[in-house]
Amino acid sequence: EMRAKNRKKCTLLYAIISIVAFSVGIVCGLMSSGIISVPKTITLDELSIKVTTEFREAGDMEAFGMMMYETEDVGLVITKDDSLSGVNFYAVSLPMYADAIESELLPSLGISANFVFEDDLCVVRYTHRSQYGENVVTYCFLYKSDEAFWILEFAVMAEQEEEYKDDIY
C-alpha cells in the first residue's frame, strides 16, 4: 500500500514536471519566433528605454556617445549629445536645441521635418533616402536630461511604417 501511494505521488509529480516543461518550451518557442514579445531595457548612462527582445546590438560607438540596435525591420540609434556640457548646457532649452536641428542640421542634409513637442519630448518625423536609394521613415525623439541631450532615432522602411508606427510612437 505504501508503494502504491509513492508510485501515485511519483506519477503525479512526473506529470506536473512534464506539463511545466512542455509549457516553458512553448513559451520559449513563441518568444524566439516573435509571437510573444517581452520587453527588455537598454541603458546608456542615465537613459533607459524599454524595447522588445527582438532588438539586438548592431554597433557600439559608446566612446562617441552612440549605440545602435536593430531588429529585422527597425533600426534604432541612441545618441548622447553632451557637447554643450558645462554652463551653456543649462541655458539651452529643448526647444532651442530642436530649433538648431531644424534650422541648421536637417536642411544641410536636404531633409525637412515636422517637429512636435509633447511633455518633455520633441518628436520629429521625416523621410529620407537610404544609401541604397530606398525611402526610410525616421521617428526621432529629442530629450533633455540633467546631463545631456538625447536623440533616439527609430528608422523603418517607408512601406512598413504603418505596421510599426504605433510601436515606435
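The first residue in the sequence is number 1, and the count goes up from there.
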Indicate every side-chain donor-acceptor pair of residues 102-117 with a distance under 3.5 Å to a residue at least two apart or in another chain.
residue, atom, partner, partner atom, Å
Ser103, OG, Asp99, O, 2.7
Ser108, OG, Leu105, O, 2.5

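Annotation: the span from Asp45 atom CG to Ser145 atom OG amounts to 9.0 Å, rounded to 0.5 Å.
With a 4.5 Å cut-off on side-chain heavy atoms, Cys140 and Ile151 count as touching. Within the 4.5 Å cutoff, the side chain of Leu152 has heavy atoms near those of the Leu47 side chain.
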Start with the C-alpha distance between Thr79 and Trp150, add both sets of side-chain angles, then the distance that settles side chain to side chain donor-acceptor pair (under 3.5 Å), and finish with yes or no.
CA-CA 6 Å; Thr79 306; Trp150 291 90; over 6 Å; no
Show your reasoning for whether side-chain contact (heavy atoms from CB on, under 4.5 Å) applies to Glu147 and Asp82.
CA-CA 7 Å; Glu147 297 179 11; Asp82 58 1; over 6 Å; no
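Residues satisfying the side chain to side chain donor-acceptor pair (under 3.5 Å) test with Tyr126, not counting sequence neighbours, are Glu153. In terms of the side chain to side chain donor-acceptor pair (under 3.5 Å) criterion, residue partners of Tyr97 (sequence neighbours excluded) are, by chain and number, Asp81. With sequence neighbours left out, Thr127 forms a side chain to side chain donor-acceptor pair (under 3.5 Å) with no residue at all. Remark: Glu70 pairs with Arg56 by the salt bridge (Lys or Arg N to Asp or Glu O under 4.0 Å) rule, at least two apart or across chains.
A cation-pi arrangement is present between Lys144 and Phe89 under the rule of less than 6.0 angstrom and at most 45 degrees off the ring axis.
Sorted by first and then second residue, the side chain to side chain donor-acceptor pair (under 3.5 Å) pairs involving residues 128-141 (not counting sequence neighbours) are His128-Thr138, Arg129-Asn135, Tyr139-Glu161.
Closest approach of Ala148 and Glu46 over heavy atoms only: N-OE2, 3.9 Å. The minimum heavy-atom distance between Phe149 and Leu94, with the atom names listed, is CE2-CA, 4.0 Å. Ile78 and Tyr69 make their closest contact through CD1-CE1, 4.1 Å (heavy atoms, listed as atom of the first residue, atom of the second, distance).
Under the 4.5 Å side-chain heavy-atom criterion for Ile, Leu, Val, Met, Phe, Trp and Tyr, Leu121 and Ile42 are members of the same hydrophobic cluster. Side-chain heavy atoms closer than 4.5 Å link hydrophobic residues (I, L, V, M, F, W, Y) into clusters, and following such links, possibly through other members, connects Leu44 to Val74. Clustering ILVMFWY residues whenever any of their side-chain heavy atoms sit less than 4.5 angstrom apart, transitively, puts Met67 in the very cluster that holds Ile168. Leu76 and Val136 fall into different hydrophobic clusters, where Ile, Leu, Val, Met, Phe, Trp and Tyr are joined by side-chain heavy atoms under 4.5 Å apart, directly or via other members. At a threshold of 4.5 Å between side-chain heavy atoms, the hydrophobic network of Ile, Leu, Val, Met, Phe, Trp and Tyr places Val123 and Val51 in one connected group.
The local environment of CD in Glu159 is crowded, with over 12 non-hydrogen atoms from other residues, nucleotides or ligands closer than 6.0 Å.
A donor-acceptor contact closer than 3.5 angstrom links the side chains of Tyr164 and Asp73.
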